[in-house]
Amino acid sequence: MANILSKEFYESKDVVQIAKDLLGKKLVSHVNGKRTSGTITETEAYRAPEDLASHARGNKRTLRNEAMFSAAGHAYVYICYGIHNLFNVVTGPQNTPHAVLIRAIEPLEGLDTMMYRRKMSWPKHEMMNGPGKFTVAMGITIKFDRTLLYDKKSPVQIWDNEVEVKEIISGPRVGLSHHTKESGHWPWRFRIKGNKWTSKPDVVKYEW
DNA sequence: CACCGGATTGGCT
DNA sequence: GCCAATCCGGTGT
């Protein structure tokens, strides 16, 4: 019998460890009467204030990133490039802006709904392999910014999942090429080794 | 109030 | 590989 991840899951460890622990967990959404779910296959940790790649670098606090300063177990959803809704899990104590970006999932339930939302006729890799793609498939938008993830009444939840994660690959986070500072190269992107449902294939140069 | 730019994607060369 | 799409918060005048 699977359980919803508890408040303690999100607040009891460091964000980098939680980014690894989230691999293999089940992300569930209930949107417009449709249930969809998938196994989390790829994450990235963002650890402000010292992490210059985070929106909350230097503890910069704005309307957009307010959720990151809220208590652990909330969602931080923001719009990237005006088009894409990117979904994060807030961790750490209140006012400590740590978050995990979910970058990809492997579909489990609601395949028809996810294919419809992604305008696809059959399930394929491209349906889910990116942070702005699986959010479309699961109906996750900025509307769900600041929602609680460990409440069974929430539209977005994360659950235990009978998936054994054997090996994790880490590497540099994606899309931070403009960051020349050290934090831009921290190996805080994590993937389930061998899983095809990730945003990029396993490439040697990404090995840490 | 104008301008800038991004934790991306998909279509076209 | 290149690059436009498309929005809105952040910043400075």
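Note on naming: letters A, B, ... go to the chains in the order of the sequence lines (proteins, then strands), and numbering restarts at 1 for each one.
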Requested in this report: Check whether NZ of the Lys or CZ of the Arg A:Arg118 lies under 6.0 Å from the centre of the six-membered ring of A:Phe134 and within 45 degrees of that ring's axis.
Outcome: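 The answer is no; the distance or angle limit is not met.
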Query raised in the report: Within 45° of the axis and under 6.0 Å from the centre of the six-membered ring of A:Phe9, does NZ or CZ of A:Lys13 qualify?
Result: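 Yes, a cation-pi geometry holds between A:Lys13 and A:Phe9.
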Starting at [atom1] of [X] and ending at [atom2] of [N], how long is that distance when rounded to a whole Å?
X        : N      : atom1 : atom2 : answer
A:Ile79  : C:dA5  : CD1   : P     : 18 Å
A:Arg173 : B:dA7  : CZ    : P     : 11 Å
A:Tyr81  : B:dA7  : OH    : P     : 6 Å
A:Phe134 : B:dT8  : CZ    : P     : 12 Å
A:Trp186 : B:dA7  : CH2   : P     : 16 Å
A:Lys133 : B:dG11 : NZ    : P     : 10 Å
A:Tyr78  : C:dT6  : OH    : P     : 19 Å
A:Asn85  : C:dA5  : CG    : P     : 20 Å

Determine: side-chain N/O of [X] to OP1/OP2 of [N], distance under 4.0 Å, yes or no.
X        : N     : result
A:His55  : B:dA7 : yes
A:Arg64  : B:dG5 : no
A:Arg189 : B:dA7 : no

Look at all strands and tell whether [X] reaches a base, only sugar-phosphate, or nothing, counting heavy atoms closer than 4.0 Å.
X        : answer
A:Lys119 : nothing
A:Arg61  : nothing
A:Leu101 : base
A:Ile83  : base

Query - Base partner of C:dT6, which must satisfy Watson-Crick or wobble distances under 3.5 Å - result: none
Query - Flag, side chain of A:Ser154 to backbone of A:Leu149, donor-acceptor distance under 3.5 Å - result: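 The answer is no, because no donor-acceptor pair under 3.5 Å joins these two groups.
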Of the listed nucleotides [options], the one nearest the side chain of [X]:
X        : options               : value
A:Pro131 : B:dA7, B:dG10, B:dT9  : B:dT9
A:Arg103 : B:dT8, B:dG10, C:dT11 : B:dT8
A:Arg118 : C:dT11, B:dT9, B:dG10 : B:dG10

Query raised in the report: Considering only the P atoms, how many Å lie between B:dC4 and C:dA4, rounded to the nearest integer?
Result: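 B:dC4 and C:dA4 have their P atoms separated by 16 Å.
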Query raised in the report: Should A:Glu50 and A:Arg57 count as an ion pair when the cut-off is N to O under 4.0 Å?
Result: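 No, A:Glu50 and A:Arg57 are not salt-bridged.
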Requested in this report: Answer whether the closest heavy-atom distance between the side chains of A:Pro155 and A:Phe144 falls below 4.5 Å.
Outcome: yes
